[in-house]
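Since the structure is predicted, the reported quantities are computational estimates derived from the model, not experimental observations. So you know, we letter chains A, B, ... as the sequences are listed, proteins then strands, and number each from 1.
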Amino acid sequence: MTELPILSLVTFLPLAGAVVLLFLDQDNPGLLKAWALAVSVVTLVVSLPLWAAFDPSQAGMQFVERIPWIEGLGVQYYVGIDGISLFLVLLTTFLSVICVVSSWGIEKRVREYMLFFLLLETGMIGALVSLDLFLFYVFWELMLIPMYFLIGVWGGKERVYAAIKFFIYTMVGSLLMLIAILSLTYVNYRTTGVLTFDLLELYRLPLAPNVQYWMFAAFALAFAIKVPMWPLHTWLPDAHVQAPTAGSVILAGVLLKMGTYGFLRFAMPLFPNAAHDFAPFMMALAVIGIIYGALVAMVQTDVKKLVAYSSVSHLGFVMLGLFAFNLQGVAGGLYQSLNHGISTGALFLLVGVLYERRHTRAIADFGGLCKVMPNYTAVFIIITMSSIGLPGLNGFVGEFLIMLGAFGASKPAAVLAATGVVLSAAYMLWMVRRVFFGPLEKEENQGLADLNKLEWGYLLPMVLLTFWMGIYPGPFLRKMDATLEGWLAHLEQKRVACEALARPDLLALLKGAPGEGAAR
Amino acid sequence: MTLALFVVFAVLAVAGAVGVILCKSPIHSAMSLVGTMVALGVIYLLHHAEFIFVVQLMVYAGAVMMLVVFVIMLLDLRAEGEAEGRLTGPKAFGLLLGGLLGALLLVPLAARLTGLTGDMTTDALVRVGSVEFLAGKLFGEYLLPFEIVSLLLLAGLVGAVTIAKKRL
Amino acid sequence: MLEYIWLIPFFPMLGALINGLAGRRFPKGVVNAIACGSIFLSFLVSVGATISLAGLPAEERFYEQILFQWIAAGTTSIDLGYLLDPLSSVMILVVTGVGFLIHVYSTGYMSHDPGYNRFFTYLNLFCFAMLTLVLGNNFLVLFVGWEGVGLCSYLLIGFWYEDAAKAAAGMKAFIVNRIGDFGFLLGMFLIFWEFGTLDFRTVMEQAPTTLVVGGALVTAITLLMFLGATGKSAQIPLYTWLPDAMAGPTPVSALIHAATMVTAGVYMIGRTNVLYSMAPTTMAVVATVGALTALFAGAIAITQNDIKRVLAYSTVSQLGYMFTAMGVGAYVAGIFHLMTHAFFKACLFLGSGSVIHGMHDEQDMRHMGGLRKYMPHTHWTFLIATVAIAGLPPLAGFFSKDEILWKAWDHGFKAQWLLGFIAAGVTAFYMFRLVFMTFYGKEKFDHHHVHPHESPASMTGVLWVLAGLSVVGGWVGIPAALGGANHFHHWLAPVLDAPSLEATHAAAAAASVGGVAWAAGAGADAAHHDPAEYVLMAASVLYVLAGISLAWFLYLARPELPKAIAAKVKGLYDLSYNKFYVDEIYQAVFVDGCLALATFLWAFWDVVVIDGAVNGTGKVVRSLGGGLRQLQTGRVQGYALTFLFGAVAVAAYFAVQAAF
Amino acid sequence: MTFEMADLRLLAPHIAVTVTALLVLLVEAFSPGRRKGYLAYLSIAGIAVAAFFTPGLFGPQVLGFSGMLAGDGFAAFFYFVLYAVGVMTLLASEGYLRDERMEHGEYYALVLLALVGMMLMAAATHLLVFFLALETMSIAIYALAGFLRSDRNTEAAFKYFLLGAFASGFLLYGIALVYGACGTTQLHGIFKHFAEARGLTTSPMALIGIGLIIVGFAFKVAAVPFHAWTPDVYQGAPTSVTAFMATGVKAAAFAAFARVFFTAFPAVHEVWSPLLWVLAVATMTYGNLVALAQTDVKRMLAYSSIAHAGYLLVGITVGTAGAGTGILVYLLAYAFMNVGAFVCVIMLGRFGQENTDLDAYAGVGFRFPTLGLAMSLFLFSMMGMPPTAGFIGKFLVFKAAVDEGFYWLAVLGVLNSAASVYYYLRVIIYMYFREAPEKPAVEGLRGGASGTLAAVLAGAGVLAFGLVPGWAVRLAQEAVKHLA
Amino acid sequence: MMIPLSYALTLSAILFTLGVVGVLTRRNIIVLLMCVELMLNAVNLSFVAFAHHLESAEGQLYVLFVIAVAAAEAAVGLAIVVALNRSRKTVYADEVSLLKG
């Protein structure tokens, strides 16, 4: 391979930057921040050619790099992107820059903060580009650690509880997924005689539907926790509320997408029969999540928690789209993943701005802010509108495609999901009214400053993106098309092929109930 | 005859063992233990393990128990207090488990030996004598264990010294 | 000219962008010029485009312009495109025309408001959205405009955000509209999965072959879309937001909540009339809801004292007429009324704005009276518009409303006709009650504090233009029965009465209960004049006059009577005065119910059940650990005991294994 | 068969270490000074010499000393694990002993003697050699546990000794029964007997013998319910010795466990496997549960080591070559991460005050960033987080379980791992998420350059085997080939 | 006449059990030590008996080595007793319980 290994560069630049950070002067926060910014910007710049050079007509993996890693286990360093991961990678590099900028106000332990941020970026990108299950798992878990620290060290009052909840919730899921990975590779080994974690190889492995059920369940659990799907969502509000602003942005913007990405990349194409058979169940959970998240968001008294619950609702939409099993739904789901990253990310940034000024996020502490912070209000309302899916802004495109797809798959699900449209307007606008409108009564709020240049600096790109992605989504959707069509075709093809397979008696394969071995 | 002797010394050995765990005074226990050891030595003899018999008497019943008794005297240990005699819950449980263990250890008796496997036949012993035979083994086949034991004793020595010495 | 139709929405958007981003730094004059200029430019383009359109042969009067592909997923492709045909040409003319007038009016009305540039930004933005709505070439673009106008409505109702109630009204408007959108979206999905596209022209062309007349699918589609319409156009059951929407500045009420946005639902039905015609059940529902709303809102308007609220309920009522028209299949009549209503209701609202302006923001009619001598222009224009809405010939309202009632009768919707007919008298009554209470009789305001004065020329000028339109606006649609040419009908016929659909109409009507007569009448509309038409016309004129007389009697001749009557039928009066408590019922059932459910889900399900399970597991595990920890007593013989226990267990296990 | 010169090749590493031990004792006896730190480096030099002789052992299995000692990849692999443990322990001990004012050559000699015992355990192919090696190691460790002579030291030594001797009795009884059943205690000989004599697989003598041998192993590896000594002894012993015990003893015990059971008793795998299944589950669950309730870091690590024994028992239960690979790599990882963690614990203490209470760790992470980083690394490795060595070990063990259809075992294993996260994270919480009090218990770091070096070595190992585990995995795979 | 193997093994089991029971029931550390010795002795008996019946020297050699081990253990054990007595002033096992939980 003579080409530049762009993916590896994008993945490991932040890590290299983090290592350098270790050797920079701890007492010079300006330098540390500048360095972190430089690293993230360079990463973003390096990642942009991915978009430009991405061939939208090709369904397969592009920018592939493949080196053996642990030969005895068939583990490879194998990365590549397709239309599914392309934009998530770009979203990650983009949001990382935004986050570093938005963290300019951090004063406590700047070096460690930036270090964890860059580490997190490596973890996220790595997980998105991995095409080897082992490699993926490594990055997948690697993401946890920096996030754990970001919440735990720079978080709010209940940060310890939130951090540990976040960590253990995720860990339980991913460990069960690890078992499924092991089983999968073993079955592959038994079938083909090759021990490999190569995802694309494993795609081709025919699996009896009942075997798929179990493996899918394990994968789905891990990803559903990450998404998070109802009823596995309760770590999210805590984590979001306690995390520092940039942490929330990354959490909402990218980490949650790892869950949906996991479904797209792993759980569904590896186990299409299971995905297909469980689809009603998953859709039901998604719909419950949509409505439940929205309802619970409505009665929150803390702005950040409200936004967090709104994420539950929005991610419900994404999941609904994925399990619609049609191009509209899946494309919508993927697109909505990006949108949610932008709009909810921006919402968290906005809440952070407010928190920095007032050190409270309780809705009751505000009111009438529009008078003193007109620009802020304007941005907030734009993002709100994006979040509730106003046509012309990004949220709508995704939501529309999702519901369109879902409607084709299951009318009741789509009908119920569409109530989310009403509810999201209700909780967001009610919050907006209470925070920004009405008389400016609280004295503490009288002197609040409007957005400053730095805040404009990181909010403006987000706002522009909401418009761009809402008005002219073509450049995004077009690059997903071929991949998703191939994806759906693969799903269907493999599903049909596997349907015919004999279903082994799983209990007979099970070993290790005590006493059983001796009985034979 | 052998059998009768075995039974007699077996009873003695058990009596000694019971003495070890029943005697209130440690010195009595030690004496009982010596009794058991001697009885066992005789039983070894009955099994044609003359060399072991000697070692048992000299090293075990002699040297080791001497050391024990010495320490008992050194620390001026008397009979144990009131608590010793009482049967507490854990003790009862211990007795019960001990009984169970004893029963389980009898289970192997159900097995038959699969046959002769060794070269220490009466024949060979008559030819070279048991001590010589063992010595040959010890310095031939069993050289490695023998060397390890020297290490073990060194470790025991150094260990005992480091622990027992007031200041190093 | 047609290829420039994209400019029609573009100009206001540009205006909104400029004023929105930089308006704060401009002097007011510049803001004015940008706002009014941009909408005026679109008006000019609209006129030009309409003339070009008129130049084409009747059956080729449409022009579609695709700007770019908007949403695409595989073969699904939805374009952002504009469609100009006679129907949308009427709409853009109304929107840009009335819109321009109201912009001009606002320059006077809002001149002292600190949020001047913000106001015009929103107003321009609204025009952009509304124009997108009416020009959209597919359902989704229509929906973009649909939501866009909702957003602007939200922003403008809550324009004076410092008043919590006003902000709440904006929010209410948006959310209630969203309920309607819910239906609209679902309707769209049904269409998409049936037709594979959302293009108006394709759908309308394929509908007769793809759908079954009176079938469940088309009924579902149309009913869901109608749900959207009830939200946007304030029909039962989603009308409650509109009266509250009067919290916004009066020009907004005039433009958005009277002349344009609220008629979007009517326009939408007109746009998709092919589908509606195939769904007789829906038609009956639409007609009934429309007629009921017309009467119901009128019944509330009778007792209201807030000048804008009366007008708001009147708007709801008039919209009800329009829906009745759509429901009975008289699409042209519906659109006709839409247009005339835009003129006179804008005039009324702006007049009321002028009154409020002159009365220092007083809105309660009980504190007015005798204003005609202080503000003659306002008075005269207001009176003209009132006559127009009451439906006296030859003013605009007469022709449009009468056509609706006649068509309802003629198409066999007798019950709906009756409701509408009653409502006509009620309308006359409450509108003249308004006029009498405001401009006539005793001066009931406090002379020390309130010095009523006429508004500036920029406002009265606009009033006169609109009053003029209220007079002549109906003349384009004088029915043949009265010897008119009914240009309006002919203009819209290619869209709303496509000949190819005649057969479908007939079949649909045959399937419908009330539509037998209509089936006969549909084809021969223009040629045949039923004598009943004249009888009904006369009856309604007399009836309206009776209503006016009653108003005169109660509020000018015997002003003490209303109170007495109110006291006598207190129950009924309170019911009407309190808007039949619908808001309260909605609040209790839906809002409070929703919040209670949400609180339950959060406080109980989330915190107690799920987190309880999660934390509970943790707690149980940890206390288990704490309990097991107690086993570690520190006594070595205890350890030996557990050891022995284990050894016995292991030995026992192997003993058992050996035994078997 | 008698002694041949060629056998010395197998014994060269042991001889090197033994000679070093004797040398240390000699130097100690004749050197007047109080500073004896250099003896640690002398010992390390000895280990280096041993390491020099070790690579030659990789390759096909060679039996020496009448089939009592094996020279094979398996043994060599463990030698290297033990060298690593030894070197790190010695490095850490040097500064630790200086700080505790207990610099004595006997300490290093005992460490080396124990090391020889451990190495012999890993290589023993005869139960007698194994037993003697075990005792050599144990006796040295008993003494080391009480080395600093504090109350806790002595108590630890006492408890370990008494229970150790008690367990030896059971182990020996088991060996006797196996001897009785087979007539030999050479592992391959036992295997042959099991293979030939059909009755042996159900012989009560053989089976109960195996059972009692399991009891003996279970005690050494600290499996529930034979674990009770572990927390007390680990907590009471000098921390450097704890590190040595936790890793070296465990590695040696598991090496012997694997060798004995994979070489001698595979014929009855179906009999002992279910029992070990239960032991494994009980061990990891108990270890994790009680670790959750600990507030003392050292004691918490002791319970965590019980849990780790549980995961390792999974490997024994499964009993395949893959499982063997898992055990080897796991122990390699475990050696680095656990010694590392204990070294960090040492560094945070000071003379007369160990500072092992969690409260003492408040804010430590930011006050001592490198130490915090290292400790976090070790803890994450123990959790099994990639890309650390701990993950690779767990991965291989669970992979072996899954491959053989032991799904429940794997599931319970990972659920346990998830639970364990809580107490490992708690240390991190204290280190990073809490601010240090006004007058922190930890004033500075001790252990000196050697301690730091030990921590760095451990950290490097944890990372290296996490990031490029390929060659270690391959060595382990090769090593277990000669086992059966 | 040969002593039946089962006789010796039974005796061995009894002695071993008595040793175990002693470890569990006595308090005095030195007695505990002696009980452990008793257990080792019991095992030795098994070895000797097996050696005799198998005509194998290994059993006897085991006994030799075990005696050596026992001696070393006794030395270390007694040293610990002395050390305990010095630091805790007790020879009772149940009083040595500083470390627990």
Side-chain angles (χ1 to χ4, degrees), chain B residues 1-3 6 10 13-14 17-18 20-21 26 29-30 33 36-37 40 43-44 46-49 52 55-56 59-60 63-64 67-68 71-72 75 77 80 83-84 91 94-95 98 101-102 105-106 108-109 113 116-118 120-121 133-134 137-138 142 145 149 152-153 156 159-160 163-164, chain E residues 1-3 5-11 13-22 24-28 30-31 33-35 37-38 41 44-45 48-49 51-58 60-61 63-65 67-76 78-83 85-86 91-92:
Chain B
M1 178 61 195
T2 326
L3 201 58
F6 174 83
V14 171
V18 170
V20 172
I21 62 174
S29 294
L33 186 59
T36 304
M37 285 175 174
L40 279 177
I43 291 173
Y44 295 164
L46 295 177
H47 282 93
H48 301 292
I52 307 291
V55 174
Q56 170 88 353
V59 177
Y60 229 146
V64 172
L67 195 62
V68 171
V71 171
I72 292 171
L75 301 180
L77 297 180
E80 289 174 27
E84 188 69 13
K91 262 187 212 171
L95 283 174
L101 180 73
L105 290 182
L106 293 178
L109 299 184
L113 289 189
L116 305 181
T117 58
M120 199 173 69
T121 54
F133 187 86
L134 283 179
K137 288 264 175 197
L138 207 51
Y142 288 79
V149 160
L152 177 114
L153 290 172
I163 290 177
Chain E
M1 177 177 175
M2 289 253 278
I3 303 160
L5 181 64
S6 57
Y7 282 39
L9 288 187
T10 308
L11 177 60
I14 289 170
L15 291 178
F16 191 83
T17 307
L18 285 171
V20 168
V21 168
L24 290 176
T25 53
R26 296 301 300 262
R27 296 174 67 216
N28 192 312
I30 292 196
V31 179
L33 256 176
M34 290 190 276
C35 290
E37 298 291 341
L38 186 58
N41 266 293
N44 280 352
L45 175 59
V48 169
H52 182 62
H53 285 271
L54 295 169
E55 297 192 338
S56 148
E58 193 166 330
Q60 291 201 20
L61 290 162
V63 175
L64 279 178
F65 289 120
I67 288 175
V69 168
E73 270 190 1
V76 172
L78 290 170
I80 288 174
V81 172
V82 172
N85 193 54
R86 188 165 56 219
V91 288
Y92 295 134

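When each of B:Gly102, B:Pro145, B:Gly98, B:Ala30 is scored by its heavy-atom pairs under 4.5 Å with chain E, the top score falls to B:Pro145. Between chain B and the residues E:Ala83, E:Ala68, E:Ala57, the largest count of heavy-atom pairs under 4.5 Å involves E:Ala57. Of the listed residues B:Leu106, B:Leu134, B:Val18, the one with more heavy-atom pairs under 4.5 angstrom with chain E than any other is B:Leu134. If you tally non-hydrogen atom pairs under 4.5 Å between each of B:Thr36, B:Leu138, B:Leu153, B:Ile43 and chain E, the highest count goes to B:Leu138. Chain B forms the most heavy-atom pairs under 4.5 Å with one residue out of E:Val63, E:Leu15, E:Leu24, E:Val20, and that residue is E:Leu15. Your options are E:Asn41, E:Val82, E:Thr17, and the one with the most heavy-atom pairs under 4.5 Å with chain B is E:Asn41. Your options are B:Val64, B:Leu46, B:Val59, B:Leu152, and the one with the most heavy-atom pairs under 4.5 Å with chain E is B:Leu152. Between chain E and the residues B:Gly156, B:Ala13, B:Ala17, B:Gly94, the most heavy-atom pairs under 4.5 angstrom are made by B:Ala17.
Listed here is the closest heavy atom pair of E:Met34 and B:Pro26: CE-O, 3.5 Å. The two residues E:Ala79 and B:Ala160 make their nearest non-hydrogen contact at CB-O, 3.5 Å. Annotation for E:Ala75 and B:Leu67: closest pair CA-CD2, 4.2 Å, computed over non-hydrogen atoms.
Side-chain atoms of E:Gln60 and B:Tyr44 form no donor-acceptor pair, as typed in the model, at a separation below 3.5 Å.
For the atom pair B:Ile52 CD1 and E:Leu61 CG, the distance stands at 7.0 Å (nearest 0.5 Å). Put simply, CG on B:Leu40 and CG on E:Leu38 are 8.0 Å apart, with the number rounded to the nearest 0.5 Å. Atom NE2 of B:His48 is separated from atom CD of E:Glu55 by 10.5 Å, given to the nearest 0.5 angstrom. Atom CG in B:Leu109 sits 4.5 Å away from atom OG1 in E:Thr10 (nearest 0.5 Å).
With sequence neighbours left out, the side chain to side chain donor-acceptor pair (under 3.5 Å) criterion links E:Asn44 to no other residue. Not counting sequence neighbours, the partners of E:Phe16 by the ring pair (Phe, Tyr, Trp, His ring centres under 6.0 Å) test are D:Phe170, D:Tyr173.
The side-chain heavy atoms of B:Phe6 and E:Leu11, taken from C-beta on, include a pair separated by under 4.5 Å. Considering only heavy atoms from C-beta on, B:Val149 stays 4.5 Å or farther from E:Leu64 through its side chain. Between B:Ile21 and E:Leu18 there is a side-chain heavy-atom pair separated by less than 4.5 Å.
If you measure heavy-atom distances from E:Val76 to chain B, the contacts under 4.5 Å come from both the backbone and the side chain. If you measure heavy-atom distances from E:Glu73 to chain B, you find no contacts under 4.5 Å at all. Only the side chain of E:Ile14 comes within contact range of chain B, judged by heavy atoms closer than 4.5 Å. Proximity to chain B is limited to the side chain of E:Ile30, based on heavy atoms less than 4.5 angstrom apart. Of the two parts of B:Leu33, only the side chain, counted from C-beta on, holds a non-hydrogen atom closer than 4.5 Å to a non-hydrogen atom of chain E.
Within a 6.0 Å sphere centred on CZ of B:Phe133, heavy atoms belonging to other residues, nucleotides or ligands number more than 12.
Side-chain atoms of B:His47 never come within 3.5 Å of backbone atoms of E:Val48 as a donor-acceptor pair (strictly under, hydrogens ignored).
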